[in-house]
Every structure is written in structure tokens, then in C-alpha cells.
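All ligand and atom numbering here is 1-based and tracks the order in the structure. Only this structure's heavy atoms are used, side chains among them; waters, hydrogens and symmetry mates stay out.
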Amino acid sequence: MQIEAVSTQPFEGQRPGTSGLRKKVTVFQQPHYLENFVQSVFDSIGDFAGHALVVGGDGRYFNREAIQTILKMAAANGFSKVLVGQGGILSTPAASCVIRKYGAYGGLILSASHNPAGPDDDFGIKYNIGNGGPAPEGVTEAIFTRTQKIEFYNIIECDDVDVDQIGNFELAGMQVAVIDPVSDYAELMQSLFDFDAIRALLSGNSLSDDFSMAFDAMHAVTGPYAKAIIEGLLGAPDGTVMNGEPKEDFGGGHPDPNLTYAHELVDLLYGDNAPDFGAASDGDGDRNMILGNHFFVTPSDSLAVLAANATLVPGYSAGIAGVARSMPTSAAVDRVATSMGLDCYETPTGWKFFGNLMDADRVTLCGEESFGTGSNHVREKDGLWAVLFWLNILAVRKESVEAILLDHWQKFGRNYYSRHDYEGVDSAAAANVLQNVRDQFGTLPGTELAGRTVASCDDFAYTDPVDGSVSENQGVRILFEDGSRIIFRLSGTGTSGATIRLYLESYEADSRQHGMDAQDALADMIASANDVSQLQALTGRDKPTVIT
Ligand code: G1P
Ligand code: ZN
């Protein structure tokens, strides 16, 4: 087999965003496009000779083609081994688990998360480092710089290889191990959670005689994981996992586990004879949504509840080191941290900022308002892990999801919270909205908005306490004296136009006021955010695309 050095020219716009490089499939299908990016990764990550690479993806359209290209390029570039999930499948948290467990140099994860899949939809690729987590900004910027200068890439000339049979073979001197995508991950989950207690709960011996749950895999990658763990190891009845067959186009759906897109599950949990517990995960298995019977748990609250109850769960029974949340995530977990005497870190949006804190043992649990929760068991957010954590808490506390939340708010107060997304808006208009707020930074402090006094305004910047790296322009904030917040941010994961995210938060200590709908509780904040920014006028929209 011949190593070929193929000459190529740079493509514009190969800068990784919040979570890797995401583009339309048609963009990735251009000759050399994927190859340029992969070679730029290999050229930017140091000396991996003699080391292993992990490769896998969420199974979306173009996953299989991309896997073949990467295997042939990894062999040509001198990796000694590639571990690849059978069929090219690895959920994002499972990839992180495998990188860590086998001491790989790093991994390439193929996913555009919850973005729709198919020939006309999205594809993505990101590089994770040896700790199992997304490459930090220093590395992603080096990759981007390389993409602008690339002149050739290395690849083996050979037929496609078979990644559907578990086993080992050699490719031009490189070992390829096709591994079961589920087993290492399932083993890790068993080491963290009390599977006996959860099994008892699911068989009706614990919370009530007829505890039942539903898990919606949304035709995406978590199907095989959830079936093996929830129906297999934990004995839930067949059919507990809905939409459990992964499809290349995710069944034409939008596998984002929220109240808008996971409507099949939401209808079930809000219908007659609803199950006691409902959960969903996204395209690549790192997000989660938690529901009780007629009850929605916001991701920010979910993180706070997990932190407050962590010691009930075997993997965390010795206590947790600290917690972290992304800046726009509500401060619910901060209150738990204060009461438990734990450090609480506020990072920019994106999981890559949690890695250093976990590697330095400063935090154990972390999360984002965007339906992401996780811990130091891997270096990615982890959808099924969050579901198992909740099941373990339910098995121990023997209370309903709603009762656990009401009790939590009673103790800590309630952070009313919502995110309004305006998707696909004109990029210049989106930039104007944020600039319009920035232009008022000098005048807003001290004024009244939504019946509250503005304390300060800023562009959020973060200095990593471990390596001192600085990340600027991470969101435009209006901060109020009572802790309420209005935040504007532009999405870094979209593939067309711009998405404005408006985050709203208001704290309520009085438990008599805890039963409101979040949109009602935040109505005055929502109106003020629009007044100040002129968001709707500047974008020509009269309502958000998605409210979570
Ligand atoms: C979004 C979420 C962010 C998350 C990322 C990857 O990024 O807001 O919390 O880490 O997806 O799942 P955004 O599009 O806002 O840049
Ligand atoms: Zn995801």
C-alpha cells in the first residue's frame, strides 16, 4: 500500500466553533475538504508516532465515508493504532471514555450533535485530546491556522476497510481495532451507579408498585447504549427506549432533547397515565432532558439537584470537589455550592472549558443550560450518565421528580430561567443587536429595568485559573442588583446565518411564588431585554424560534 502525498489548497472557514467544525454535508463532500481538516489536525497536535487514535461518530449521513478517509490518513500519518467503534459508531461520551481508558493520544469525533442529518443537512468533526475532552482553544486555533496554509495531505491508497466486524486487522502497518461501541461505556456506568437499586426501582419494588419510565433516543446514537443499559442491564421492559434504532438522517427529526423537539416524549409525559420519569438524549448522546410526570426539570436545576444529592450515588459518595457551570447557565448550582462549602466556577459556553478544571481536581460536576450535564468520569457532557444519576437518586429518595424539585426550591430558592433562540437571522443584524446593548454599557448601570436596578454590564471574559489562558467576548451581560441577569450571545455551532441566544434569569426566594410558569415569571425581563436591545426590530422577527 502506497502512502500518497496529495496536493491541495486551503479552504476558507475551517475554524472550529463551540464544538468542532460543523458544516453542511455538501461542504464536507467537496474534494479534499475533510482531508484538509484532518491533516491540519494531525499537523497541529504534536508527536503521536507510536500512539493510538480513537475514531467514531454519531452515525449520521457521511459518517461512514469520513471514517474510511480518517483511517487511511491515520495510517499514512504514522499512528500506530486506531480504535474505531463498530460500524463507525461512538457516542461522544463513549468516545471520551475510550480515549481515557486506553490511553489514546486523542480522538476524532464525527458529529454535528443535535443538528439535523442527511445529504442536505449537517456534518461535523472535532478533535479531542488525551484527557478525553475537546481540544482547548490553543489547539483549535493552531488547527485553524494550519488549514489556511495546507499544501498537501497524506493518505493510503487502498480499498475501503470493514469496520462492521469486531476484531483487529492491519492497515499499512497500523493496527485497527474495531471495538464494541457500548461495552466500555456500560462498564464505566456500572462503576458509578447502584445498578441493583435502579433495577429494583424499574421492576416496581421501590418508588411505587408501578414505577415506569420512557427514554427517547430520537433515532440517534444513544439507542444502542440505552437499550443495552436500561433495558438490558437494568431490566426495564422492552419498549422503554423509544426511537432506539439509529438512522443516518435521524428519522428526519431534530434530535435535540428539549420541549420543542422531543415532543413525542413530552406528549407522553404530559398525557394520561404518564410515566413517572422521562428522558431523552441528542444526536451524539451528550445532551439530556429530564422530565417527571407532567413536570419539566430545567438543565440548570438538574445540575443543582445532582450536586445537592451527589453523595447518595456510589461514584460520588465520598463527596465532590467542586462544581462548574457555563456563564449563561442559571446560578441555581451556585447556591448549592455555597451551602455545601464547594468552589463554583463560571466558564464560557462550551464543554472545552471544563476540562482543565476537572484535570486539576477542582470540580467533579459541571453543566450547561443547553441540556448538558456531566462529571469527571469522562471529559464530555454525558446524556445517559445524567439519566442514570437521576434514576439512582429516585431509587434512593423514593420520591417523585416533582417532589424532589419542590423540596430543592424550598431549601435553595428558585432561579426562574429561560433561553430564547432567534435562529437563522441575518449575521449583520445579529451583530447590531449585541452592539446596540454594548453601546449602552455606560448608561444602563443604576437605571431600572423590569422593576430591578441594573448593577453592571459587561462582555464576559474568562481567565482559566489553571493555565491562565484568556477567552474574551463570551456574551453581553446586563447584571442586576438582585442577581437577575439578561444575557445576549451569538451561537458558535450553527451552519447558516446567525443565531441569537437571549438568556433570562430571575431569582425567587419565596416558596409561595415557586409554582409559576417560567415564561410568566420572566415576562417583564423578556420585555425589557427586547426594549434595550431592539432585538425584534433589528432582526425583523416577532418571536423566538425556540424557547427552552
Ligand atoms: C451550543 C450550546 C452550548 C453547547 C454547544 C455544544 O453552543 O449553547 O452550551 O456547549 O452547543 O453542544 P452555541 O450554539 O450556543 O455556541
Ligand atoms: Zn450533542
*Which residue holds the protein heavy atom closest to atom 1 (C) of ligand 1, what is that atom called, and what is the gap in Å?*
R287 NH2, 3.6 Å

*Region of S491 engaging ligand 1 - heavy atom pairs below 4.0 Å*: both

_T493, portion touching ligand 1 at heavy-atom distance under 4.0 Å_ = both

*Has D58 got an N, O or S atom lying less than 2.8 Å from the Zn ion (ligand 2)?*
no

*asked:* Applying a heavy-atom cut-off of 4.0 Å, say which part of R489 lies close to ligand 1: side chain, backbone, both or neither.
replied: side chain

_S113 atom OG and D282 atom OD2 as seen from the Zn ion (ligand 2), angle to 10 degrees_ = 90°

*Would you check if the side chain of T69 reaches a backbone N or O of E65 as a donor-acceptor pair within less than 3.5 Å?*
yes

*Answer side chain, backbone, both or neither: which part of E423 comes under 4.0 Å from ligand 1, heavy atoms only.*
neither

_Would the distance check show the side chain of D286 and the main-chain N or O of E380 forming a donor-acceptor pair, the cut-off being under 3.5 Å?_
no

*asked:* Is S111 close enough to the Zn ion (ligand 2) that one of its N, O or S atoms comes in under 2.8 Å?
replied: no

*Between F193 and W385, how do the two ring planes meet: parallel, tilted or perpendicular, split at 30° and 60°?*
tilted

*Would Y503 and R485 count as having a side-chain donor-acceptor pair, cut-off 3.5 Å?*
no

